[in-house]
Protein chains: 2
Amino acid sequence: MATRTRRPERREEPLSRQRIVEAAIGLLDTSGEGALTFRALAERLATGPGAIYWHVTGKDELLNAATDAVIATTMTTGTTMTTGTTMTTGTTTTVGTTGTTGTDDATPQEAIRTLALGVFDAIDAHPWIGTQLSRAPSQSPVLRVFEHLGRHVQTLGVPHPAQFTAASTLLNYILGVGGQNAANARVLQPGTSRTEFLSTTATAWAGLDPDEYPFTRNVADQLRDHDDRTEFLAGLDLILTGITTHQNPTDPTPP
Amino acid sequence: MATRTRRPERREEPLSRQRIVEAAIGLLDTSGEGALTFRALAERLATGPGAIYWHVTGKDELLNAATDAVIATTMTTGTTMTTGTTMTTGTTTTVGTTGTTGTDDATPQEAIRTLALGVFDAIDAHPWIGTQLSRAPSQSPVLRVFEHLGRHVQTLGVPHPAQFTAASTLLNYILGVGGQNAANARVLQPGTSRTEFLSTTATAWAGLDPDEYPFTRNVADQLRDHDDRTEFLAGLDLILTGITTHQNPTDPTPP
DNA sequence: ACCTGAACACCGTTCAAGT
DNA sequence: ACCTGAACACCGTTCAAGT
């Protein structure tokens, strides 16, 4: 017989806000946005649904806390964390000169790219975050991203009055992409690959009414070999160019 | 006694997809996103909840149809319609070259501003659209906006390979702002004015931890006399500058 | 073909009761 | 202080039954 240890593992650690949030993240990651239920969560925590309410005011707060937990680590680490797995964000390229995300970026532009890509990847790994960020008013998680963007904008040398606009434009772009990606993830069969999805949409677009959707039809073919991340960065660079050009405009206003 | 007309008004017009969508829009506008319920809708249409399902596959489709109805008129009219207005679902206009959108815009930039502002105002008038657009995969309503943006981008003279990026950057920015505005509207007391809201957030931001949120604190004062629309347009112009600068770059890449 | 409305399988949230 | 779990007031959706 094994000797009984003085401290046998308690059958359950006591409930805590942290454990609840972690369990919620797990549920959301594994089974999607629809799976986060107080009953499912309670079962996973081996307790009744009511117990959760002692630590958390309701579902909204829980979702916000879960989002904030992920975003907070993204913001400080620059890396996305996944539920069970340690995931190396792969494709760490493009970011800067050094591989180490979130650390020494040569230029503020690069720092912004790194940051934005961090959020992008976080949403990629946890699509529900995209939904949540678009739904959240400018509170903790969104504010966090705004703050960090703002600092880099400052470093970029943008004059004070324009800093707000620059930071929120970047933020809104990132949130827009995030929401869209989350929406796509929601619709997609869990199995579908990215290329598969793109190819399907490309075909759909190519079949659109030429009278109603001439432009969309026209760019349908470009969809096939477009990489989401690259595309995301291209848009970001467009904005960055806009920001830096506004600083020292070679020509005051384009015709 | 009044002579009975041959065609006395039927106690109820027959149910139809159109009437259902209109009623849904009314409900959403009047009482917010939470008020759209099949029971509430059925009551308003003087029928049972099951009846609706004969005309509409479910809630998602209904929300999408409602959003599309508003966006479609926004796109062709350039004006936002409010609840009372009779809307004919027809989408006929705008397709041609004459571009009756809003009014004659001198430059494609102006056309884009008009278009974007149309969506902005539509979300302002019907906050639930903002939520819906961020949640919707690139289907009808979102695609509509993308298409129209794309045409203007084309007119702007952006070379073919860059058109996709330009259009989707604009789109994502617009959707990001829309989602954020919808989120704010959701939280706000129906009575709260914009200035009141801004003032509250400004105070909140000014009270943030200086170590954690230096930038946000720093721009808090700017919030007080910022106009949402102006700010939205400023961000849009940043992107437009980026787009046109990329076309003929004076300096290839900013340092 | 179209409508009715009871019924089903869920929700989030509350709360008396327990430890 | 913290947990339990039945109960409440809702949902979206279905479906046998009606016209």
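Letters A, B, ... mirror the listed sequences (proteins, then strands); counts begin at 1.
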Can you list the stems that include DNA chain C, where a stem is three or more consecutive Watson-Crick or G-U pairs with distances under 3.5 Å?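 Stems found: C:4-8 with D:12-16, C:12-16 with D:4-8.
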
Separation of [N] [atom2] from [X] [atom1] (nearest whole Å):
| X | N | atom1 | atom2 | answer |
| --- | --- | --- | --- | --- |
| Lys59(B) | dC10(C) | NZ | P | 18 Å |
| Trp54(B) | dA1(C) | CH2 | C1' | 6 Å |
| Leu63(B) | dC11(D) | CG | P | 14 Å |
| Glu43(A) | dG12(C) | CD | P | 14 Å |
| Arg19(A) | dC3(D) | CZ | P | 9 Å |
| Arg39(B) | dC3(C) | CZ | P | 19 Å |
| Phe38(A) | dC8(D) | CZ | C1' | 16 Å |

For [X], enumerate each residue passing the side chain to side chain donor-acceptor pair (under 3.5 Å) test, keeping only those at least two apart in sequence or located in another chain.
| X | value |
| --- | --- |
| Asp228(B) | Arg194(B) |
| Arg151(A) | Glu147(A) |
| Glu231(A) | His226(A), Thr165(B) |
| Asp227(B) | Thr230(B) |

Which residues pass the side-chain contact (heavy atoms from CB on, under 4.5 Å) test with [X], not counting sequence neighbours?
| X | result |
| --- | --- |
| Ala40(A) | Leu27(A), Thr37(A) |
| Glu43(A) | none |
| Ser16(A) | Gln18(A), Arg19(A) |
| Arg217(A) | Leu208(A), Pro210(A) |

Students often get this wrong, so: under 4.0 angstrom with heavy atoms, is Ile52(A) touching a base, only sugar-phosphate, or nothing?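 It contacts nothing in the nucleic acid.
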
Would you indicate what Leu36(B) reaches in the nucleic acid, counting non-hydrogen atoms under 4.0 angstrom: base, sugar-phosphate, or nothing?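 Here Leu36(B) touches the backbone only, sparing every base.
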
Which residues in residues 127-135 of chain B have a heavy atom closer than 4.0 Å to any atom of DNA chain D?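 Going residue by residue through residues 127-135 of chain B, none turns out to have a heavy atom under 4.0 Å of DNA chain D.
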
Using a 4.0 Å heavy-atom cut-off to protein, can you give one letter per nucleotide of nucleotides 14-19 of chain D, 5' to 3': B if the base is in contact, S if only the sugar-phosphate is, - if neither? BB----

Are Arg17(A) and Glu22(A) within salt-bridge range, i.e. N to O under 4.0 Å?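 Here Arg17(A) does not pair with Glu22(A) in a salt bridge, since their nearest N and O are not under 4.0 Å apart.
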
Please state whether the rings of Phe146(A) and Phe164(A) are parallel, tilted or perpendicular, taking 30° and 60° as the class boundaries.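 Perpendicular, since the angle between the ring planes exceeds 60°.
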
Any ring-ring contact (aromatic ring centres under 6.0 Å, His included) pairs touching residues 24-53 of chain B, not counting sequence neighbours?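 Every ring-ring contact (aromatic ring centres under 6.0 Å, His included) pair that includes a residue of residues 24-53 of chain B, provided the two are not neighbours, is Phe38(B)-Tyr53(B).
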
Given dG12(C), dC3(D), dC3(C), the nucleotide with the shortest approach to the side chain of Leu15(B):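 Among the listed nucleotides, the one closest to the side chain of Leu15(B) is dC3(C).
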
From C-beta outward on His55(A), which listed nucleotide comes closest to its side chain: dC3(D), dC2(C), dC11(C)?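 So the nucleotide nearest the side chain must be dC3(D).
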
